[in-house]
Colleague: 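Below you'll find the structure I mean.
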Amino acid sequence: IITASQTSGESTLLAEHLVRITNCNLERFWVDAEGQEPPSSESLTHAMVYAADARIRCVFHVHSKTIWQHRSALKLPQTPADVSYGSPDMITAVHELMQENQSRPLTFATAGHEDGIFACGHTPRDCGSLLVNYLARARAMEQLIDAKDARAKSAVK
């Protein structure tokens, strides 16, 4: 099950916003799906994560400016910045990233897909916990930066 294309701005997900992937072919870059809307353009990226490791049973793809902006400081693995989302190059980059980073559950950023963050693991709890942890760490980094900026401004006065 994946969200349909163009549903990221929905405040409430409804049944019609979900699509069931019935088959995919990574080499030919296509998916078969059932639902009222077409599947997300990232469907094959999700499929590559599942194909890369049989232990993975859940993939979350979120858009978090906070985590994404601090991805390097958080030491998140990331796809190259010149790889666009929803492309054959993205599934190749994700395959390579999954092979290079064997720890599971895993969180990674898509450098060429602004704010794009993936978490994959055995359960939704694995994925959600990772994302909450990285968000808390990124926010703590922002607070430290804000505190340094405030001290610097007060020192100038």
Colleague: Quick check against the 3.5 Å criterion: does Ser129 have a side-chain atom that pairs as donor or acceptor with the backbone of Asp126?
Modeller: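 It does not hold such a pair.
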Colleague: Got Arg20 and Thr22 here, is their nearest side-chain heavy-atom distance under 4.5 Å?
Modeller: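 Touching, per the 4.5 Å side-chain cut-off.
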Colleague: Transitive ILVMFWY cluster of Met141 at side-chain heavy atoms under 4.5 Å: who else is in it?
Modeller: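 Hydrophobic cluster check, Met141: joined to Phe60, Val62, Ile67, Trp68, Leu74, Leu76, Ile117, Leu130, Leu131, Tyr134, Leu135.
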Colleague: Within a 6.0 Å radius of atom CD on Gln6, are there more than 12 heavy atoms belonging to other residues, nucleotides or ligands?
Modeller: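 Not more than 12 within 6.0 Å, no.
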Colleague: If every non-hydrogen atom of Ala119 is compared with every non-hydrogen atom of Cys127, which pair is closest and at what distance?
Modeller: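 Smallest interatomic distance, heavy atoms only, reads O-SG, 3.4 Å.
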Colleague: Could you give me the CA-CA distance, side-chain angles and deciding distance for Cys24 and Trp30, then say whether side chain to side chain contact (heavy atoms under 4.5 Å, CB included) is met?
Modeller: CA-CA 6 Å; Cys24 71; Trp30 60 261; 5.7 Å; no
Colleague: Applying salt bridge (Lys or Arg N to Asp or Glu O under 4.0 Å), name anything that partners Arg137, two or more places apart in sequence or on another chain.
Modeller: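 Expected list: none.
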Colleague: Measuring from atom CZ of Phe108 to atom CG of Asn101, what distance do you get when rounded to the nearest 0.5 angstrom?
Modeller: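 Separation between the atoms: 9.5 Å.
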Colleague: Can you sort out the partners of Ile2 under side-chain contact (heavy atoms from CB on, under 4.5 Å), two or more places apart, ordered by chain and number?
Modeller: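 If we apply the side-chain contact (heavy atoms from CB on, under 4.5 Å) test to Ile2, skipping adjacent residues, the hits are Val19, Ile21, Pro39, Ser40, Ser43, His46.
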Colleague: Is there a side chain to side chain contact (heavy atoms under 4.5 Å, CB included) between Thr110 and Tyr85 once you walk through the steps?
Modeller: CA-CA 8 Å; Thr110 52; Tyr85 73 94; 5.9 Å; no
Colleague: How far apart are the C-alpha atoms of Arg139 and His70, what are their side-chain angles, what is the distance that settles it, and do they pass the side chain to side chain contact (heavy atoms under 4.5 Å, CB included) test?
Modeller: CA-CA 9 Å; Arg139 286 200 170 153; His70 296 284; over 6 Å; no
Colleague: Please report the shortest heavy-atom distance between Gly121 and Pro105, naming the atom on each side.
Modeller: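 Heavy-atom minimum between the residues: CA-CB, 3.9 Å.
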Colleague: Between Ser72 and Gln78, what is the shortest heavy-atom contact and its length?
Modeller: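 Shortest heavy-atom separation between Ser72 and Gln78 comes out as OG-NE2, 3.7 Å.
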Colleague: Just jot down the side-chain contact (heavy atoms from CB on, under 4.5 Å) partners of Val83, sequence neighbours excluded, or say none.
Modeller: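 Residues passing side-chain contact (heavy atoms from CB on, under 4.5 Å) with Val83: Pro80, Ser87, Asp89, Met90, Ala93.
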Colleague: To the nearest 0.5 Å, tell me how far Glu96 CD sits from Ile91 CD1.
Modeller: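 Rounded to the nearest 0.5 Å, the CD-CD1 separation comes to 11.0 Å.
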Colleague: What's in the same ILVMFWY side-chain cluster as Leu18, cut-off under 4.5 Å, chained through other members?
Modeller: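 Direct or chained contacts put Leu18 with Ile1.
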Colleague: To the closest 0.5 Å, what do you measure between CZ (Arg71) and OG1 (Thr66)?
Modeller: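 These two atoms lie 13.0 Å from each other.
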Colleague: With rounding to the nearest 0.5 Å, note down the distance linking NE2 in His95 to CG in Asp53.
Modeller: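 Reported value, rounded in 0.5 Å steps: 11.5 Å.
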Colleague: For Cys120, which residues count as a side-chain contact (heavy atoms from CB on, under 4.5 Å) partner, sequence neighbours excluded?
Modeller: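 Residues passing side-chain contact (heavy atoms from CB on, under 4.5 Å) with Cys120: Val49, Ile56, Val59, Met98, Leu106.
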Colleague: Scan side-chain atoms only and decide if Thr45 and Glu42 contain a donor-acceptor pair under the 3.5 Å cut-off.
Modeller: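 Thr45 vs Glu42: donor-acceptor pair found between side chains.
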Colleague: Output the distance between atom OG1 (Thr12) and atom NE2 (His17), rounded to the nearest 0.5 Å.
Modeller: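 Between Thr12 OG1 and His17 NE2, I get 9.0 Å after rounding to 0.5 Å.
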Colleague: In this structure, which one of His61, His63, His113 forms a ring-ring contact (aromatic ring centres under 6.0 Å, His included) with Phe118?
Modeller: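 That would be His61.
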Colleague: Could you check whether any side-chain N or O of Arg57 sits under 3.5 Å from a backbone N or O of Ala54, counting only pairs where one atom can act as donor and the other as acceptor?
Modeller: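 Not confirmed, Arg57 side chain does not pair with Ala54 backbone.
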